[in-house]
Chemist: 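I'd like to ask you about the structure that follows.
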Amino acid sequence: MPELPEVERARALIEARALGRRIAAVDDSDTYVCRPHPPGEIASALTGARLTAARRRGKTMWCETDRGPVLGLHLGMAGKIVVDGAEAGDPKEVLGTTWDRFTVEFEDGGRLVLRDKRRLGRAVLDPVIERLGPDAAEVSAREFRERVGHGAAPLKVRIMDQAVIAGVGNLLADEALWQARISPQAPAGSLSRPAVSRLYHSLQAALASAEANGGVHTGEVIAARRRGGVCPRCGAPMRQGVVGGRTTWWCSREQALRRAAGARAPGRATV
DNA sequence: ACTCGTGTTAGCTG
DNA sequence: TCAGCTAACACGAG
């Protein structure tokens with residue numbers, strides 16, 4: 001379920017509990033999660049080392065080591081980080097090791113685990129962080145405007161492009177666009193400057209709210225993403241469609257697509 | 001019972 | 001050349 005706030009909690013867990021401990025063994029036998037590494041390759045690089053830092057940009061995490069190799073971790077759609085049995089942000093620990101896809105065992109007997117039912121998470125050596133845009137929670141308003149506010153692609157596609165802005169997933173995108181009252185289908189370059197600014201502030205607010213309330217799924221409009229759902233603000237029917245290949249929900253009244261989307265005051269859709 | 005999906009990306013297609 | 005689509009992953013939710 002992780003989007004950026006959940007990933008940050010996982011990173012903080014690693015930072016708080018896994019740094020400085022000598023690595024005794026690594027189970028990298030899941031060749032899908034550890035692709036493209038053959039079994040043993042990550043283990044050879046990490047065994048004997050210690051993790052020295054836990055970093056994050058967007059939804060990608062990486063751990064530096066005192067031996068040089070960097071361990072990249074991604075939670076995918078359903079992954080969690082477990083350290084010594086403690087799960088980031090989830091009081092209910094899942095017992096057993098059925099879904100442990102990647103394990104770092106420390107000399108002291110503890111372990112850092114990527115637990116992931118769907119196997120969409122990744123553990124790799126030396127991830128290419130440079131391909132990611134600035135972190136969504138740290139990007140400045142100016143940089144956001146410069147990176148997001150142009151191009152022919154639908155706005156939602158633009159903000160979910162991890163090379164443009166790192167950390168915005170499907171739910172967070174719907175929430176931020178709804179808060180800003182902008183159509184997800186509006187071409188990114190068609191937005192007025194005030195509309196881009198509004199989206200920036202909505203995204204920051206959605207991130208802060210998710211952080212405070214325990215996840216992106218607590219967003220105001222998320223509960224309305226269902227058949228028969230209505231806009232929590234105006235009561236108009238929510239509309240569903242596919243944008244950039246992802247299920248998308250938006251308010252049929254406040255987020256209607258129109259010429260020069262976002263250039264006018266919201267709430268008076270022309271269609 | 002059956003469809004869909006909070007993510008990413010290689011591989012195709014037009 | 002490239003934007004856009006699909007499959008792959010494996011399980012839970014509706």
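To find a chain, count down the sequence lines: A is the first, B the second, and so on, and within it residues start at 1. Bear in mind the structure is a predicted one, so any value in this text is a computation, not a measurement.
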Chemist: Taking both distances under 3.5 Å as the test for a Watson-Crick or G-U pair, what stems of at least three pairs does DNA chain B have?
Modeler: B:2-5 with C:11-14, B:7-14 with C:2-9
Chemist: Could you tell me the separation between the CG atom of A:Asp116 and the P atom of C:dC11, rounded to a whole number of Å?
Modeler: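 In whole Å, C:dC11 P lies 10 Å from A:Asp116 CG.
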Chemist: Rounded to the Å, how far apart are A:Leu207 CG and B:dT6 P?
Modeler: 17 Å
Chemist: If only atom types and distance count, is the side chain of A:Arg22 paired as donor or acceptor with the main-chain N or O of A:Arg50 below 3.5 Å?
Modeler: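 Here the side-chain-to-backbone pair does not exist.
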Chemist: In whole angstrom, give me the gap between the C1' atoms of C:dG14 and B:dT6.
Modeler: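 To the nearest whole Å, 16 Å.
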Chemist: Students often get this wrong, so: under 4.0 angstrom with heavy atoms, is A:Arg225 touching a base, only sugar-phosphate, or nothing?
Modeler: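 Answer is sugar-phosphate: A:Arg225 comes under 4.0 Å of backbone atoms only.
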Chemist: Once you round it to whole Å, what is the distance between P of B:dT6 and CG of A:Leu4?
Modeler: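 That distance rounds to 17 Å.
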Chemist: So which pairs with a foot in residues 240-252 of chain A pass salt bridge (Lys or Arg N to Asp or Glu O under 4.0 Å), sequence neighbours left out?
Modeler: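 For residues 240-252 of chain A: none.
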Chemist: Can you list the residues that meet the side-chain hydrogen bond (donor to acceptor under 3.5 Å, both in side chains) rule with A:Gln240, with sequence neighbours excluded?
Modeler: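 Result, side-chain hydrogen bond (donor to acceptor under 3.5 Å, both in side chains) vs A:Gln240: none returned.
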Chemist: Taking only residues two or more places apart in sequence or in another chain, which ones pass side-chain hydrogen bond (donor to acceptor under 3.5 Å, both in side chains) with A:Asn170?
Modeler: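 For A:Asn170, the residues satisfying side-chain hydrogen bond (donor to acceptor under 3.5 Å, both in side chains) (neighbours in sequence not counted) are A:Lys156.
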Chemist: Could you write out each protein N or O paired with an N or O of nucleotides 7-14 of chain B at a distance under 3.5 Å?
Modeler:
residue	atom	partner	partner atom	Å
B:dG7	OP1	A:Lys59	NZ	3.2
B:dG7	OP1	A:Asn170	N	3.3
B:dG7	OP2	A:Asn170	N	3.3
B:dG7	OP2	A:Arg246	NH1	2.9
B:dG7	OP2	A:Arg246	NH2	2.7
B:dT8	OP1	A:His74	NE2	2.8
B:dT8	OP2	A:Lys59	NZ	3.2

Chemist: Test: salt bridge (Lys or Arg N to Asp or Glu O under 4.0 Å). Region: residues 124-133 of chain A. Which pairs qualify, not counting sequence neighbours?
Modeler: none
Chemist: Keeping to residues at least two apart or across chains, list the ring-ring contact (aromatic ring centres under 6.0 Å, His included) pairs with something in residues 46-72 of chain A.
Modeler: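 Non-adjacent pairs meeting ring-ring contact (aromatic ring centres under 6.0 Å, His included): zero.
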Chemist: NZ of A:Lys80 versus P of B:dT6: gap in Å, rounded?
Modeler: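 My rounded result for the distance is 17 Å.
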Chemist: Which pairs count as salt bridge (Lys or Arg N to Asp or Glu O under 4.0 Å) when at least one residue sits in residues 24-38 of chain A, sequence neighbours excluded?
Modeler: A:Asp30-A:Arg119
Chemist: Could I get the full list of salt bridge (Lys or Arg N to Asp or Glu O under 4.0 Å) partners for A:Arg147, not counting sequence neighbours?
Modeler: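 Partners of A:Arg147 under the salt bridge (Lys or Arg N to Asp or Glu O under 4.0 Å) test: A:Glu143.
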